[in-house]
Amino acid sequence: MNLLICYDVNTLTPEGRKRLRKVAQACQAYGQRVQYSVFECTVNPANLERLRQRLVAIIHPSEDSLRLYYLGARREEVVEVHGRDHYVDFTEPLIL
């Protein structure tokens, strides 16, 4: 399942900056950062539920915003990129 995660965390307080780092770390465990607060993830249903629970536990609902967009199709079918795109398809062979 392809997923786009976007978040906006209030960073006016030290606690907010800590939440921002935790949200980014949680997302990095399951996907790739494509913009500062946007991650593309490919997850199975079990990992989706783990990630969702982890993120919801981190954010402060009255101060922060978390959005999960379910893309469904392959990335190439739903994403059009203009400019920098450092996305790495880990399902393909990697040449180092």
Side-chain angles (χ1 to χ4, degrees):
M1 172 182 314
N2 292 309
L3 181 68
L4 188 70
I5 300 174
C6 308
Y7 55 88
D8 186 20
V9 177
N10 183 338
T11 58
L12 296 177
T13 64
E15 295 82 14
R17 291 187 287 277
K18 185 176 180 180
R19 286 194 314 274
L20 177 67
R21 285 189 302 276
K22 286 184 174 186
V23 169
Q25 290 169 345
C27 290
Q28 283 178 319
Y30 290 90
Q32 300 179 57
R33 183 187 303 260
V34 293
Q35 291 186 356
Y36 290 116
S37 296
V38 180
F39 281 79
E40 290 181 14
C41 304
T42 302
V43 294
N44 61 37
N47 283 340
L48 169 61
E49 191 54 35
R50 283 187 200 99
L51 176 57
R52 182 187 4 245
Q53 288 178 6
R54 185 173 170 184
L55 292 171
V56 168
I58 295 169
I59 68 162
H60 193 287
S62 65
E63 297 180 19
D64 307 329
S65 173
L66 173 67
R67 294 172 183 260
L68 285 72
Y69 296 93
Y70 302 92
L71 303 177
R74 292 187 355 235
R75 180 181 189 266
E76 299 80 28
E77 296 173 358
V78 295
V79 177
E80 181 177 330
V81 178
H82 301 276
R84 297 182 311 152
D85 185 15
H86 300 289
Y87 180 83
V88 177
D89 184 357
F90 290 109
T91 62
E92 298 292 324
L94 293 176
I95 300 172
L96 303 175

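Computed from a predicted model, the values in this text were never measured in an experiment. Any value given below was found using the heavy atoms of this structure, including those in side chains, with hydrogens, waters and symmetry copies removed. We number each residue from 1, following the sequence as shown.
Salt-bridge formation is detected for the pair Glu49/Arg52: a Lys NZ or Arg NE/NH1/NH2 atom is positioned less than 4.0 Å from an Asp or Glu carboxylate oxygen.
A donor-acceptor pair under 3.5 Å links the side-chain atoms of Arg33 to the main chain of Tyr36, judged by distance alone. Looking at Asn10, its side chain never comes within 3.5 Å of a backbone N or O of Asp64 through a donor-acceptor pair.
Atom CE of Met1 sits about 10.5 Å away from atom CG of Leu71, to the nearest 0.5 Å. Between the CG atom of Leu20 and the OG1 atom of Thr11 there is a distance of 6.5 Å, given to the nearest 0.5 Å. Rounding to the nearest 0.5 Å gives a distance of 14.0 Å between OG of Ser65 and NE2 of His60. Distance check, rounded to the nearest 0.5 Å: CZ of Arg21 to CD1 of Ile58 gives 12.0 Å. Taking CZ of Arg50 as the start and CG of Asn44 as the end, the distance is 7.0 Å to the nearest 0.5 Å. For the atom pair CD1 of Ile5 and CG of Leu51, the computed distance is 4.5 Å after rounding to the nearest 0.5 Å.
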task = Would you check, one step at a time, whether the test side chain to side chain contact (heavy atoms under 4.5 Å, CB included) holds for Glu63 with Arg19?
result = CA-CA 11 Å; Glu63 297 180 19; Arg19 286 194 314 274; 3.2 Å; yes
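Within a 6.0 Å sphere centred on CZ of Arg67, heavy atoms belonging to other residues, nucleotides or ligands number 12 at most. Counted within 6.0 Å of OH on Tyr70, heavy atoms from surrounding residues, nucleotides or ligands total more than 12; the atom is thus considered enclosed.
Tyr30 and Val34 end up in different hydrophobic clusters when Ile, Leu, Val, Met, Phe, Trp and Tyr side chains are linked at under 4.5 Å. Phe39 and Val43 fall within the same hydrophobic cluster, defined by Ile, Leu, Val, Met, Phe, Trp and Tyr side-chain heavy atoms under 4.5 Å apart, directly or through other members. In the hydrophobic clustering of this structure, Ile59 does not group with Val38; members are Ile, Leu, Val, Met, Phe, Trp, Tyr whose side-chain heavy atoms approach within less than 4.5 Å, directly or through other members.
Side-chain atoms of Cys27 and Leu55, non-hydrogen and from C-beta on, do get closer than 4.5 Å to each other.
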